[in-house]
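Read the structure below first, then the notes.
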Number of protein chains: 2
Amino acid sequence: MTSQKIIDNAIAVLNEDFYAPLDIIAGQAGVNRRTLHRHFKDRAALIDACWADMMQTWHRAMLAAYHSSTDPVVQLEQMLYAGIDCGVKYAFLNTLQTKYLNEKAGAVENEAYEQAKNNWFSLVPELQRQKLISDSLSVAWIRMLFVNMINTTIQALRSGDVAPNDIKKFAWYSFSRSIGLL
Amino acid sequence: MTSQKIIDNAIAVLNEDFYAPLDIIAGQAGVNRRTLHRHFKDRAALIDACWADMMQTWHRAMLAAYHSSTDPVVQLEQMLYAGIDCGVKYAFLNTLQTKYLNEKAGAVENEAYEQAKNNWFSLVPELQRQKLISDSLSVAWIRMLFVNMINTTIQALRSGDVAPNDIKKFAWYSFSRSIGLL
DNA sequence: TAAAAATGTCTCATGTGTGTGACATTTGTC
DNA sequence: GACAAATGTCACACACATGAGACATTTTTA
């Protein structure tokens with residue numbers, strides 16, 4: 001559908017430059033700017049749509065990873081890979097969260113986010129209880145390590161300085177050790 | 001000096017929003033927008049000045065940390081702390097590097113940056129040679145871990161979710177382990 | 001104190017992103 | 001083919017950031 005095509009390209013473009021003019025987004029999506037406005041009332045509406053879209057992608061990937069095993073370590077590993085696979089979309093999600101979402105009320109569309117987040121947050125204390133990872137690190141800190149490891153991976157992929165084949169291996173190696181695993 | 005005052009405030013403001021209007025920057029610095037233009041020809045000139053300023057700060061901090069010890073592990077630890085202390089300025093540097101610096105030729109003012117970078121890059125192979133850190137990780141990857149650990153730390157500080165007292169400790173613990181140290 | 005420099009205030013022209021209206025054109029559907 | 005929906009094209013008004021000119025005011029300096 002056209003709306004989806006616009007959203008996909010908007011995410012790609014806005015991820016590079018959050019303030020890119022709508023011309024660029026429309027052009028990238030192969031539609032007229034006027035058409036873009038027919039699908040999305042204004043810039044804010046488009047960004048909201050992008051946000052919702054990303055939420056869905058992210059949420060599904062996390063849920064699938066979470067249910068791929070009962071071993072919390074494997075769950076965590078799979079969730080990291082899922083995050084990496086979300087790639088560009090995830091990076092944009094982060095941008096939004098820091099600079100755009102502040103202005104919005106913690107509204108409806110955060111529900112899915114919260115759910116995935118809660119799954120994640122139940123995992124870490126469990127790992128700490130089992131003494132598999134460090135219990136001197138706070139959960140909030142570990143959450144940030146997780147998110148930023150994904151960012152690091154995406155950056156590494158984009159920069160071309162790190163061999164793509166190595167990246168996931170590196171990411172899990174570095175992340176798991178950074179939280180005290182093994 | 002007025003120029004420096006404007007630069008400092010510009011860094012602070014642009015770090016929050018890279019596209020903030022000059023009004024805001026001038027206002028934050030307590031000067032008129034017209035005055036800002038008398039010190040800096042245009043927006044690009046101001047940003048260049050910010051860049052140069054940050055380079056200086058960053059370079060000095062890195063150099064001091066590097067020379068604080070002859071033990072490469074201690075050097076690395078001190079450089080991480082130095083990066084964290086650069087704080088806000090460093091975060092802006094990162095923003096610039098990805099989205100703004102692309103448009104510039106790898107020009108003159110990168111010299112200082114390169115020098116500090118080279119110090120850093122000599123450190124990592126040395127640590128690998130001494131088998132203190134993992135030699136399966138590439139230097140480029142470790143560089144990214146380093147940079148992103150600083151970002152993570154700054155985020156953590158800003159979010160308020162992690163106790164400020166713990167942060168440096170957490171950062172070194174997580175970073176050192178993520179590169180295979182210990 | 002007097003001259004010079006820096007800054008503030010007001011104004012203006014310019015460029016650009018934005019959102020919308022009117023109408024032609026294309027595409028899809030029956 | 002005929003109709004309807006979606007899209008393209010052109011045009012317009014609006015808001016806003018920008019950079020600069022003219023001149024008053026303040027601050028520095030000799």
Side-chain angles (χ1 to χ4, degrees), chain A residues 1-54 88 91-93 95-96 98-105 107 109, chain B residues 1-54 88 91-93 95-104 107 109:
Chain A
M1 215 202 313
T2 307
S3 291
Q4 189 60 44
K5 188 172 59 180
I6 294 174
I7 289 174
D8 290 340
N9 289 94
I11 290 175
V13 171
L14 294 178
N15 192 41
E16 295 296 320
D17 178 8
F18 189 69
Y19 296 89
L22 297 181
D23 297 306
I24 306 294
I25 296 171
Q28 189 77 22
V31 296
N32 197 282
R33 187 170 66 86
R34 194 68 189 79
T35 301
L36 187 152
H37 272 106
R38 287 196 183 94
H39 287 267
F40 305 98
K41 181 176 165 290
D42 54 18
R43 189 183 183 86
L46 174 59
I47 289 177
D48 284 347
C50 290
W51 173 256
D53 183 86
M54 290 184 305
V88 172
F92 181 39
L93 180 148
T95 305
L96 269 186
T98 52
K99 75 167 62 174
Y100 169 77
L101 214 68
N102 294 350
E103 302 153 12
K104 301 182 59 171
E109 57 271 19
Chain B
M1 218 203 310
T2 307
S3 290
Q4 189 60 44
K5 187 171 58 179
I6 294 175
I7 289 175
D8 290 340
N9 289 94
I11 291 175
V13 171
L14 294 178
N15 192 41
E16 295 295 319
D17 178 7
F18 189 69
Y19 296 88
L22 297 180
D23 297 306
I24 306 294
I25 297 172
Q28 189 76 23
V31 297
N32 196 281
R33 187 171 66 84
R34 194 69 191 78
T35 301
L36 188 153
H37 272 107
R38 289 198 182 94
H39 286 265
F40 304 97
K41 180 176 166 292
D42 54 20
R43 189 182 182 86
L46 174 60
I47 290 176
D48 284 347
C50 289
W51 172 258
D53 184 88
M54 288 184 308
V88 172
F92 180 40
L93 180 149
T95 305
L96 269 186
Q97 197 165 13
T98 54
K99 75 166 64 174
Y100 169 78
L101 213 67
N102 295 348
E103 302 153 12
K104 300 182 61 169
E109 56 271 20

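Every chain is numbered from 1, with letters handed out A, B, ... down the list of sequences.
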Look for any protein N or O under 3.5 Å of an N or O in nucleotides 25-30 of chain C and output each such pair with its distance, or none.
none

Taking atom CE of B:M1 and atom CG of B:D8, what is their separation to the nearest 0.5 Å?
11.0 Å

Heavy atoms, side chains only, cut-off 4.5 Å: are B:D53 and B:Q4 in contact?
yes

Reading 5' to 3' through nucleotides 12-30 of chain D, protein heavy-atom contacts under 4.0 Å coded B for base, S for sugar-phosphate only, - for none:
-----SBBBBB--------

Over how many whole Å does the gap from A:N32 atom CG to C:dG19 atom P extend?
15 Å

Rounded off to whole Å, could you give me the CG-to-C1' distance for the A:L36 and C:dG17 pair?
13 Å

Are the side chains of A:F40 and A:D48 in contact, using a 4.5 Å heavy-atom criterion?
no

A:I47 atom CD1 is separated from C:dT18 atom C1', nearest whole Å, by 13 Å

Do any side-chain nitrogens or oxygens of A:T2 fall under 4.0 Å of OP1 or OP2 in D:dA6?
no

Exactly one of A:N9, A:I7, A:V13 clears side-chain contact (heavy atoms from CB on, under 4.5 Å) with A:I11, and that residue is A:I7

Side chains of A:R43 and A:L14, heavy atoms from C-beta outward: is any pair under 4.5 Å?
yes

Smallest heavy-atom separation, A:H39 atom then A:S3 atom, equals ND1-OG, 2.7 Å

CG on A:L46 to NE2 on A:H37, rounded to 0.5 Å
9.0 Å

Check whether any side-chain heavy atom of A:I24 sits under 4.5 Å from a side-chain heavy atom of A:D17, and report yes or no.
no

